Amino acid sequence: MSELTGLRALVTGAGSGIGAAIAARLKEGGAAVMIVDVDPATSPDVVADVADTSAVEEVFAQVRDRLGGLDVLINNVGVAGPTAAVDEMDPDAFDECVRVNLGSMFRCTRLAVPMLRELPGSIVNLSSSAGIFGYPLRSPYVAAKWGVVGLTKTWAMELGSAGIRVNAICPGSVGGQRMDGVIEREAAATGVSPDALRAGYEKQVSMGSFVDATDIAEAAAFLSSPAARFISGQVLGVDGHTETLRTMC
């Protein structure tokens, strides 16, 4: 559990859920971790909206002051976004989902790279199974998560010569409050019961169940560690093998 000793990590959106599990796992591995979250109630190290340019600049000033530099960036922050058919989608809600899920990764990576060149370090971007499948009623989320995969591939190409590794993790359906909310909103939009939708999500996975946030955290820790020193530009599904995102086949 000491494979990350000496590394300095920033985890965005780490006040709860997957981000909190990743931050805890990195700490267990010996890393010094700074937690950023927009919700002060989660008691993060820094409260910030990392989709806002000036806020991100302050975050990285804090990284330099508190950690002395950066070796690992975990771009985790994200929102589920609205659930609606494309012709019923609120354009402002669409834009906000993309602003948070994709814009935050660009803004954080832009300022992290000069620090990551010093070791060099690594970047782990959180995409989703929705980053490799179509996902009815979730247009903005899909647009953002496919974008994350594209940025991961592009940045791996740009930064490889500097020794900086860039990878993406695609969680499937992760048990917890966020997925509960997704199911509730989908039920409201489709008229299908939450229990039937939950069964549909489980059925679409070869292993027949949701994954846990700790499963995602283990993958993030591995990709951040020296054991993954030649792994870059990869998109790793941690999802029990998702077969489709059309829950009601």
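Predicted model only: the values in this text are computed from it and were never measured. Every heavy atom of this structure was used, including side-chain atoms; hydrogens, water molecules and symmetry mates were not.
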(request) Measure from the side-chain N and O atoms of R8 to the backbone N and O of M34, and report whether any donor-acceptor pair falls under 3.5 Å. (result) no

(request) Provide the closest heavy-atom pair for G6 versus D71 in the form atom of the first, atom of the second, distance. (result) O-OD2, 3.7 Å

(request) Give, for atom CD of E186 and atom CZ of R198, the distance between the pair rounded to the nearest 0.5 Å. (result) 11.5 Å

(message) I'd like to know if D52 and R107 make a salt bridge, using a cut-off of under 4.0 Å between side-chain N and carboxylate O.
(response) no

(message) Please say yes or no: joined through hydrophobic side-chain contacts below 4.5 Å, possibly via intermediate residues, are I123 and M115 part of one cluster?
(response) yes

(message) Has N167 got a side-chain atom pairing as donor or acceptor with I231's backbone, closer than 3.5 angstrom?
(response) yes

(request) Might you point out which heavy atoms bring A80 and Y141 nearest each other, and give the distance in Å? (result) O-CD1, 3.5 Å

(message) Going by side chain to side chain contact (heavy atoms under 4.5 Å, CB included), L111 matches just one of V56, L70, L73. Which one?
(response) V56

(message) Any side-chain to backbone donor/acceptor pair from S129 onto P171? Under 3.5 Å, distance only.
(response) yes

(message) Exactly one of V59, N76, V33 should register a side chain to side chain contact (heavy atoms under 4.5 Å, CB included) with L10. Which one does?
(response) V59

(message) What I'd like to find out is whether the side chain of R110 reaches to under 4.5 Å of the side chain of F106, using heavy atoms alone.
(response) yes

(message) Rounded at 0.5 Å granularity, tell me how far OG in S127 sits from CD1 in I169.
(response) 10.5 Å

(message) Are T83 and R138 packed together at the side-chain level, in the sense that at least one heavy-atom pair is separated by less than 4.5 angstrom?
(response) yes

(request) Mind checking the CH2-CG spacing from W146 to L151? Nearest 0.5 Å is all I need. (result) 14.0 Å

(message) I'd like to know if the side chain of R165 and the backbone of A228 have a donor-acceptor N/O pair within less than 3.5 Å.
(response) yes

(message) Do K153 and V235 have side chains that approach each other closer than 4.5 Å (heavy atoms only, starting at C-beta)?
(response) yes

(request) Look at the side-chain heavy atoms of Ile, Leu, Val, Met, Phe, Trp and Tyr, link any pair under 4.5 Å apart, and say whether V11 and L7 land in one connected group. (result) yes

(request) Consider only side-chain heavy atoms of I, L, V, M, F, W and Y, link residues closer than 4.5 Å, and tell whether M89 and Y135 are in one cluster. (result) no

(message) For the backbone of L126 and the side chain of K145, can you confirm whether one donor and one acceptor N or O come within less than 3.5 Å of each other?
(response) yes

(request) Report yes or no: does S232 contribute a side-chain atom to a donor-acceptor pair with the main-chain N or O of V166 at less than 3.5 Å? (result) yes

(request) Can you see which heavy atom on C108 is nearest to which on F60, and at what distance? (result) O-CZ, 3.3 Å

(request) Verify the cluster assignment for I74 and V77: are they in a single hydrophobic cluster under the rule of side-chain heavy atoms below 4.5 Å apart? (result) no

(message) Can you give me the closest heavy-atom contact between E243 and S206, atom names plus distance?
(response) OE2-OG, 2.7 Å

(request) Test side-chain contact (heavy atoms from CB on, under 4.5 Å) on V113 and I164 and set out the steps. (result) CA-CA 8 Å; V113 165; I164 299 172; 4.3 Å; yes

(request) Flag yes if V124 and L159 sit in one hydrophobic cluster, no otherwise; membership is Ile, Leu, Val, Met, Phe, Trp, Tyr, and two members link when side-chain heavy atoms are under 4.5 Å apart. (result) no

(request) Specify the closest pair of heavy atoms between R25 and A221, including all atoms of both residues, with the distance to one decimal. (result) CG-CB, 3.7 Å

Identify all side-chain donor-acceptor contacts of residues 35-48 below 3.5 Å with residues at least two apart in sequence or on another chain.
unit_1	atom_1	unit_2	atom_2	d
D37	OD1	D39	N	2.9
D37	OD2	G15	N	2.9
D39	OD1	A41	N	2.9
T42	OG1	D39	O	2.7
D45	OD2	I35	N	2.7

(request) Please name all residues satisfying side-chain hydrogen bond (donor to acceptor under 3.5 Å, both in side chains) with S209, sequence neighbours left out, ordered by chain then number. (result) none

(request) Please report the closest heavy-atom contact between A162 and P120, naming both atoms and the distance. (result) O-CB, 3.3 Å

(request) Can you measure from CG (L223) to CD (E218) and round to the nearest 0.5 angstrom? (result) 11.5 Å

(request) Drop me the distance from I22's CD1 to K27's NZ, to the nearest 0.5 angstrom. (result) 13.0 Å

(message) Under a plain distance cut-off of 3.5 Å, with no hydrogens placed, do D212 and T214 share a side-chain donor-acceptor pair?
(response) yes

(message) To the closest 0.5 Å, what do you measure between CG (L137) and CD (E88)?
(response) 9.0 Å

(message) Less than 3.5 Å apart, any donor N or O on the side chain of T109 or N75 sitting next to an acceptor on the other?
(response) yes

